[in-house]
Amino acid sequence: MPTRVRLAEIIEALSRALDLTEGQPAGHCIACCYIGTAIGAKLGMSGEELRDLYYTLMLKDLGCSSNAARIASLFDADDISFKRNFKLVDGSLSQVMRFLAKNTAANAGPIRRMKRLVNAMRQSGEATVEIIRTRCENGAAIARQMRFSPAVGAGIHDLDEHFDGGGHPLGKKGEDIHIFARIALLAQVVEVFFRDAGPEAALREVVKRSKTWFDPRVVEAFCDVAGRRAFWQQLASDDLEAIVLSQEPGEQAIMADEDYLDDIAAGFARVIDAKSPFTSGHSQRVADFADMIGDQMGFTDMRRRKLRRAALLHDIGKLGVSNSVLDKNGPLSPEEWGTMRRHAEFSEKILSHVAAFAEMAIIGGSHHERLDGKGYPRGLKGAEINLDTRIVSTADVFDALTADRPYRAAMSTDDAMTILWRDAGLALDPACISALERGLQQSQ
Ligand SMILES: [Fe+2]
Ligand SMILES: [Fe+2]
């Protein structure tokens, strides 16, 4: 049966992965969508325009994984908590300095800490622009790949510009900043401060930053919206996700067909692969190898298509793992291993938010299980691991061995196949290894 799923339902689920990357609780982007869409409606937007704003808000952090590795290395920090804490800084020099002093190399000894801090402060001007530019440009490009309009791309691109010209990466001013971005930036600050300290704190912060960070016209619209008690009640409600889903603007909900689902998965795979320089292209290659195995096994086109998508998204949970762990040049401590292993659980959780993604959620959650029961997270055994998952696991291990890693150089195909065969029947399914071997030979 061909799949047709509501686009808003998929984007809501994927926005939770963006929340993880930004160190925000799941639902941050959804709440921003609720706040910003209410402001857009107040400003007189409707139909297509309001719908574009709705998706901009949910996908505002689409480029956020692209700068995670740079933040982790420049500030010698856990990028996730660094990003979370930075959202509460108001941008004044004194606050930024205090923030950097507290969050740079927080786990290092005093001498190394001081050196890193001096280095970070020396580089931070240029580096900030570069970090934000990467994020904005990648986010906008991925939105286009996922078929969103140029307006959505422009809104994501301008997210960190400030009304007075003091933002980044271009220092745009006033109405040169896309209106979606002016709304999204305000919505983001409201959400973070509301969650931290309630409605008054959020309002105070908005008024304080009017004309500097925020467009006064957007501030005024927000103040109107904020005067309604029901607005805050819904924002705090456990049903917010369903409320936002039910409020999708436009006459009819957008549905994603098979072709569109392929584009969404491919676009989001770029978000996943951008997280670490060492996993660049990993999801895409795992999808290619999994497809090769599916082809050798005589799968139908539809099954191969679904397998490809699952392979593209299998590591989506890695967006929730800090780059200080993902990119570590050396053995991981038991605690770091625990963090790394949690990515499978995160993948399952994110994908299971979309009912039509149930099979993908199983694969995402169990691609590190082993036939002998020594895998994770559940220690499943043999027949408890389905064939499609075994295929993705085989493709995953093969790619991990043949790509560069922080701790070793890439291995040759022959050496990698030797290792795969050593694990046959223990970790991996021999039928999958054999199919991969045949596929690789035919592709030469
Ligand atoms: Fe994985
Ligand atoms: Fe993987």
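All residue numbers in this chain count up from 1 along the given sequence.
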Say whether [X] and [Y], considering side chains only, have a donor N or O and an acceptor N or O under 3.5 Å apart.
X      : Y      : answer
Thr300 : Arg304 : no
Ser280 : Asp273 : no
Asp415 : Thr418 : no
Asp160 : His168 : no
Glu437 : Gln296 : no

Check the surroundings of atom [atom1] in [X]: do more than 12 heavy atoms from other residues, nucleotides or ligands lie under 6.0 Å from it?
X      : atom1 : value
Glu384 : CD    : yes
Gln441 : CD    : yes
Asp259 : CG    : yes

Any residue meeting salt bridge (charged side-chain N to carboxylate O under 4.0 Å, His left out) with Lys349, in chain and number order, not counting sequence neighbours: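 Expected list: none.
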Trace of the side-chain contact (heavy atoms from CB on, under 4.5 Å) decision for Leu7 with Glu248: CA-CA 10 Å; Leu7 179 64; Glu248 180 182 357; 5.6 Å; no
side-chain contact (heavy atoms from CB on, under 4.5 Å) between Ile293 and Val392, worked out: CA-CA 9 Å; Ile293 299 172; Val392 172; over 6 Å; no
Under 3.5 Å: donor-acceptor pair, side chain of Glu336, backbone of Ser333: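 Yes, Glu336 side chain to Ser333 backbone: donor-acceptor pair under 3.5 Å.
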Backbone N/O of Gly171 and side chain of Glu161: donor-acceptor pair under 3.5 Å: yes
Test side-chain contact (heavy atoms from CB on, under 4.5 Å) applied to Ile179 and Val218, step by step: CA-CA 9 Å; Ile179 181 65; Val218 177; 4.1 Å; yes
Ring pair (Phe, Tyr, Trp, His ring centres under 6.0 Å) pairs, two or more places apart, involving residues 4-36: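 Matches after skipping sequence neighbours: Tyr34-Phe231.
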Where at least one partner belongs to residues 325-345, residue pairs that pass ring pair (Phe, Tyr, Trp, His ring centres under 6.0 Å), sequence neighbours excluded: His343-His367, His343-His368
Pairs meeting criterion salt bridge (Lys or Arg N to Asp or Glu O under 4.0 Å) with involvement of residues 177-186, two or more places apart: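 Listed by first then second residue: Arg182-Asp215.
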Distance in Å, Thr339 OG1 paired with Leu326 CG, rounded so as to fall on 0.5 Å steps: 10.0 Å
Interatomic distance, Ile254 atom CD1 to Arg6 atom CZ [nearest 0.5 angstrom]: 9.5 Å
Pair Arg303 + Glu359: basic N to acidic O under 4.0 Å: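 No.
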Salt-bridge criterion met for Arg378 and Glu369 (N-O under 4.0 Å):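 No, Arg378 and Glu369 are not salt-bridged.
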Within 45° cone of Tyr54 ring axis and under 6.0 Å: Arg51 NZ or CZ: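 The answer is no, since Arg51 fails at least one limit relative to Tyr54.
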pair Asp396-His282: side-chain heavy atoms closer than 4.5 Å: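 Yes, their side chains come closer than 4.5 Å.
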Heavy-atom side-chain proximity of Ile362 to Glu348 below 4.5 angstrom: no
Steps toward side-chain contact (heavy atoms from CB on, under 4.5 Å) verdict (Phe398, Thr413): CA-CA 8 Å; Phe398 180 73; Thr413 300; 3.9 Å; yes
side-chain hydrogen bond (donor to acceptor under 3.5 Å, both in side chains) against Asp262, all qualifying residues, sequence neighbours excluded: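 Listed in chain order: Arg305, Arg309.
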Listed partners of Arg195 passing side-chain hydrogen bond (donor to acceptor under 3.5 Å, both in side chains), at least two apart: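 Result, side-chain hydrogen bond (donor to acceptor under 3.5 Å, both in side chains) vs Arg195: Gln24, Glu191.
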Pair Phe163 + Phe214: ring centers closer than 6.0 Å: no
